[in-house]
Amino acid sequence: MNVRRDGALMRNSSQGSIFCKSKVGTAIFIGVLLGFVFAFLFPAGIFKSSALSVRDSRSVKFITQADSNSCDSSERIDMLKSEFISASEKNAQLEKQIRELTEKLKLAEQGKDHAQKQVLALGKQSKAGPFGTVKAVRTNPPVIPDQSVNPRLANILEKVAVNRELIVAVANSNVKAMLELWFTTIKKAGIPNYLVVALDDEIVQFCKTNDVPVYKRDPDEKVDSIGRTGGNHAVSGTKFSILREFLQLGYGVLLSDVDIVYLQNPFDHLYRDSDVESMTDGHDNATAYGYNHVFEEPSMGWARFAHTMRIWVYNSGFFYIRPTIPAIELLDRVAKRLSQERNSWDQAVFNEELFFPSHSNYEGLYASRRTMDFYLFMNSKVLFKTVRKDDNLKKLKPVIVHVNYHPDKFPRMKAVVDFYVNGKQDALNPFPDGSDWVTRLAY
């Protein structure tokens with residue numbers, strides 16, 4: 001019994017063990033099988049795939065947004081480009097306005113407290129040096145050229161001027177014969193930089209025919225009426241307003257009447273150290289350069305003698321004027337007075353404004369001036385009264401001869417050409433020292 005029971009127990013135990021083993025194997029088999037299935041279906045793994053799927057969805061969303069933003073950005077860039085171009089154009093306009101205002105400001109500053117600004121511009125302020133070494137500034141700085149004043153004239157001057165200098169004459173058809181002799185002598189002397197300011201169309205055509213540089217101003221009724229009907233003095237008065245534009249453009253002008261014979265180039269004999277450099281109506285050292293004149297008044301008893309300083313006037317028909325603030329102020333003053341004082345003589349007004357000092361409420365002109373050598377820049381009184389009668393002085397060749405003292409201008413001009421250019425030693429002899437008006441008055 002025991003043996004049977006033991007045998008039964010051993011059989012049952014053996015069967016349980018086999019059954020247990022079969023369960024474990026089955027479980028393992030199922031696990032392996034499931035592993036293959038999942039490996040086949042989800043090669044990247046269940047959790048990893050899920051994570052990637054989230055990332056991928058986010059990436060897709062980002063790319064979609066990026067494409068949308070790219071479209072918006074392109075439109076935004078186009079808009080910004082348009083705004084940039086518009087801003088650049090406005091900026092260019094503003095820069096131009098700034099440059100123009102800056103130039104105007106500089107011109108204004110030159111006119112205000114000019115003396116002090118000139119010293120500051122030329123150097124530092126310093127103490128006075130030892131006795132005999134102190135020398136004040138005489139040459140005022142030129143203005144800043146402003147081509148906007150007259151672009152057409154500026155273009156002409158660029159072609160005609162030499163070293164920003166030129167001779168300028170104002171003429172109408174009333175002086176056509178003298179004008180021809182005037183520019184003929186200029187050409188003969190080899191002077192390239194000269195210009196005729198024509199006051200009528202006849203002179204314009206005349207100059208073009210003779211290959212003479214000419215300029216006619218834009219229509220101006222005031223100037224045009226003088227040009228059509230005005231005599232010598234009227235025409236002479238217009239030159240002060242006309243010259244202003246030349247100076248504003250930055251050019252030095254040698255203003256010339258047409259009753260002048262040129263024998264040398266005047267620009268070789270200028271000093272250029274003053275605002276105005278003019279020929280004189282004086283006939284010797286005293287009258288030309290100044291002298292102490294004693295005025296006697298017997299009724300004053302002990303104080304009967306009064307000393308005065310005198311100088312003969314500058315000739316307003318031949319002077320060199322630099323493009324400076326005082327020079328432009330001189331032109332403005334003379335032009336204004338001539339427009340208001342119909343009977344005034346331009347030469348008298350020219351000298352009064354240049355020489356009268358400040359007094360009371362009157363503010364004088366602070367312009368520097370130089371008198372030209374009266375033997376080189378010779379008036380007709382010096383020539384006919386003195387030079388032609390002196391064997392030594394006759395050998396001197398002046399730069400110009402201005403027939404300003406004599407009304408018979410044209411024949412005397414031709415005689416000057418014959419004497420100095422053609423070598424006719426007796427060409428000046430037929431003329432009296434003065435005019436024949438004295439003889440007429442005597443009778």
K.L.:
Decide ring-ring contact (aromatic ring centres under 6.0 Å, His included) for Tyr405 and Phe384; before the verdict, give the C-alpha distance in whole Å, the side-chain angles of both, and the deciding distance to 0.1 Å.
P.N.:
CA-CA 10 Å; Tyr405 268 98; Phe384 286 97; over 10 Å; no
K.L.:
Nearest 0.5 Å, what's the CG-CD1 distance between Leu166 and Ile191?
P.N.:
11.5 Å
K.L.:
Answer yes or no: is there a donor N or O on one side and an acceptor on the other, between the side chain of Asn315 and the main chain of Gly317, under 3.5 Å?
P.N.:
yes
K.L.:
Applying salt bridge (Lys or Arg N to Asp or Glu O under 4.0 Å), name anything that partners Arg322, two or more places apart in sequence or on another chain.
P.N.:
none
K.L.:
Closest approach of Ala427 and Phe419, non-hydrogen atoms and distance?
P.N.:
CB-N, 3.9 Å
K.L.:
Examine distances only and state if a side-chain atom of Ser274 and a backbone atom of Glu277 form a donor-acceptor pair shorter than 3.5 Å.
P.N.:
no
K.L.:
Quick check: closest heavy atoms across Pro266 and Val399, and the distance to 0.1 Å?
P.N.:
CA-CG1, 3.6 Å
K.L.:
Of the options Leu376, Leu263, Val261, which is the one that meets Pro398 in a side chain to side chain contact (heavy atoms under 4.5 Å, CB included)?
P.N.:
Leu263
K.L.:
Around atom NZ of Lys389, are there more than 12 heavy atoms of other residues, nucleotides or ligands at under 6.0 Å?
P.N.:
yes
K.L.:
With Glu296, which residues qualify under salt bridge (Lys or Arg N to Asp or Glu O under 4.0 Å), at least two apart?
P.N.:
Arg304
K.L.:
If I compare all heavy atoms of Val313 with all of Gln347, which pair ends up nearest, and what's the gap?
P.N.:
CG2-NE2, 3.6 Å
K.L.:
Measure across Phe374 and Gly282 and return the closest heavy-atom pair with its distance rounded to 0.1 Å.
P.N.:
CB-O, 4.3 Å
K.L.:
Could you state the interatomic distance from NZ (Lys414) to OG1 (Thr185), rounded to the nearest 0.5 Å?
P.N.:
14.0 Å
K.L.:
Any donor and acceptor pair, going by atom type alone, linking the side chain of Asp390 with main-chain N or O of Leu393 inside 3.5 Å?
P.N.:
yes
K.L.:
List in chain and number order the residues that pass side-chain contact (heavy atoms from CB on, under 4.5 Å) with Pro323, two or more places apart in sequence or in another chain; answer none if no residue qualifies.
P.N.:
Pro142, Val143, Leu247
K.L.:
Between the main-chain N or O of Val403 and the side-chain N or O of Lys409, is there a donor-acceptor pair closer than 3.5 Å?
P.N.:
yes
K.L.:
Which pair of heavy atoms, one from Met372 and one from Met279, lies closest together, and at what distance?
P.N.:
SD-N, 3.5 Å
K.L.:
Any cation-pi pair here, Arg370 with Tyr271, using under 6.0 Å and within 45°?
P.N.:
yes
K.L.:
Going by an N to O cut-off under 4.0 Å, is there a salt bridge joining Arg244 and Asp332?
P.N.:
yes
K.L.:
Looking just at side-chain N and O atoms, do His406 and Ser435 make a donor-acceptor pair shorter than 3.5 Å?
P.N.:
no
K.L.:
Return yes when atom NZ of Lys385 has more than 12 non-hydrogen atoms of other residues, nucleotides or ligands closer than 6.0 Å, and no otherwise.
P.N.:
no
K.L.:
Passes side-chain contact (heavy atoms from CB on, under 4.5 Å), Phe267 versus Glu165? Steps please.
P.N.:
CA-CA 8 Å; Phe267 294 106; Glu165 295 177 325; 3.5 Å; yes
K.L.:
Please step through side-chain contact (heavy atoms from CB on, under 4.5 Å) for the pair Leu101 and Ile98, ending with a clear verdict.
P.N.:
CA-CA 5 Å; Leu101 290 172; Ile98 289 172; 5.7 Å; no
K.L.:
Main chain of Pro357, side chain of His359: is a donor-acceptor contact present, judged purely on distance under 3.5 Å?
P.N.:
yes
K.L.:
Check salt bridge (Lys or Arg N to Asp or Glu O under 4.0 Å) between Arg337 and all other residues, then give those that pass, not counting sequence neighbours.
P.N.:
Glu341, Glu352, Glu353
K.L.:
Spell out, as yes or no, whether a donor-acceptor pair under 3.5 Å connects the side chain of Thr386 to the backbone of Leu383.
P.N.:
no
K.L.:
Counting only heavy atoms not in Asn163, do more than 12 sit closer than 6.0 Å to its CG atom?
P.N.:
no
K.L.:
Check for a donor-acceptor pair, side chain of Ser368 on one end and backbone N or O of Asp275 on the other, with a separation under 3.5 Å.
P.N.:
yes
K.L.:
Do the side-chain N and O atoms of Asp200 and Asn172 include a donor-acceptor pair separated by under 3.5 angstrom?
P.N.:
no
K.L.:
Could you go through the side-chain hydrogen bond (donor to acceptor under 3.5 Å, both in side chains) check for Gln248 and Gln147 one step at a time?
P.N.:
CA-CA 8 Å; Gln248 283 182 280; Gln147 292 194 354; over 6 Å; no
K.L.:
Step by step, work out the side-chain hydrogen bond (donor to acceptor under 3.5 Å, both in side chains) result for Asp281 and Asn404.
P.N.:
CA-CA 9 Å; Asp281 275 1; Asn404 61 317; 3.0 Å; yes
K.L.:
Would you mind checking if Glu202 and Lys176 are paired as a salt bridge, meaning a charged N to carboxylate O distance below 4.0 Å?
P.N.:
yes
K.L.:
List the steps, then state whether side-chain contact (heavy atoms from CB on, under 4.5 Å) holds for Leu396 with Val387.
P.N.:
CA-CA 9 Å; Leu396 173 69; Val387 172; over 6 Å; no
K.L.:
Would you find more than 12 non-hydrogen atoms of other residues, nucleotides or ligands less than 6.0 Å from Tyr362 atom OH?
P.N.:
yes
K.L.:
Are Tyr194 and Tyr262 near enough that their ring centres are under 6.0 Å apart?
P.N.:
no
K.L.:
Any sub-3.5 Å donor-acceptor pair from Ser88's side-chain atoms to Phe84's backbone N or O?
P.N.:
yes
K.L.:
Hey, are Tyr289 and Thr280 close enough side-chain-wise for a donor-acceptor pair under 3.5 Å?
P.N.:
no
K.L.:
Would you give me the side-chain donor-acceptor pairs under 3.5 Å for residues 205-215, sequence neighbours excluded?
P.N.:
| from | atom 1 | to | atom 2 | distance (Å) |
| --- | --- | --- | --- | --- |
| Thr209 | OG1 | Gln205 | O | 2.8 |
| Asn210 | ND2 | Phe206 | O | 2.8 |
| Tyr215 | OH | Asn150 | ND2 | 2.9 |

K.L.:
So if I apply the side chain to side chain contact (heavy atoms under 4.5 Å, CB included) rule between Val196 and each of Val170, Ile167, Ile203, Val204, which one comes out positive?
P.N.:
Ile203
K.L.:
For Ser316 and Trp345, which I'm curious about, is there any donor-acceptor pair between the side chains at under 3.5 Å?
P.N.:
no
K.L.:
Closest heavy-atom contact between Thr308 and Phe295?
P.N.:
CG2-CB, 4.3 Å
K.L.:
Output, in order, the C-alpha distance, side-chain angles, deciding distance and verdict of side-chain contact (heavy atoms from CB on, under 4.5 Å) for Leu331 and Ile321.
P.N.:
CA-CA 10 Å; Leu331 297 180; Ile321 187 165; 4.0 Å; yes
K.L.:
Count the heavy atoms belonging to other residues, nucleotides or ligands that lie under 6.0 Å from NZ of Lys424, then report whether that count exceeds 12.
P.N.:
no
K.L.:
Which residues satisfy the salt bridge (Lys or Arg N to Asp or Glu O under 4.0 Å) test with Arg388, sequence neighbours excluded?
P.N.:
Asp433
K.L.:
If the test is ring-ring contact (aromatic ring centres under 6.0 Å, His included), which one of Phe319, Phe318, Tyr320 qualifies with Phe377?
P.N.:
Phe318
K.L.:
Within the 3.5 Å criterion, strictly below it, is a donor on Asn379 or His283 matched to an acceptor on the partner's side chain?
P.N.:
no
K.L.:
Taking CE in Met79 as the centre, count heavy atoms belonging to other residues, nucleotides or ligands within less than 6.0 Å. Is the count above 12?
P.N.:
yes
K.L.:
Quick one: OG1 on Thr184 to CE on Met413, what's the gap to the nearest 0.5 Å?
P.N.:
9.0 Å
K.L.:
About how many Å separate OG of Ser256 and CD1 of Ile186, when rounded to the nearest 0.5 Å?
P.N.:
6.0 Å
K.L.:
Would you say Gln264 and Asp268 are linked by a side-chain donor-acceptor pair, where the criterion is simply a distance under 3.5 Å?
P.N.:
no
K.L.:
If we ignore angles and hydrogens, is there a donor and acceptor under 3.5 Å between the side chains of Asp284 and Thr287?
P.N.:
yes
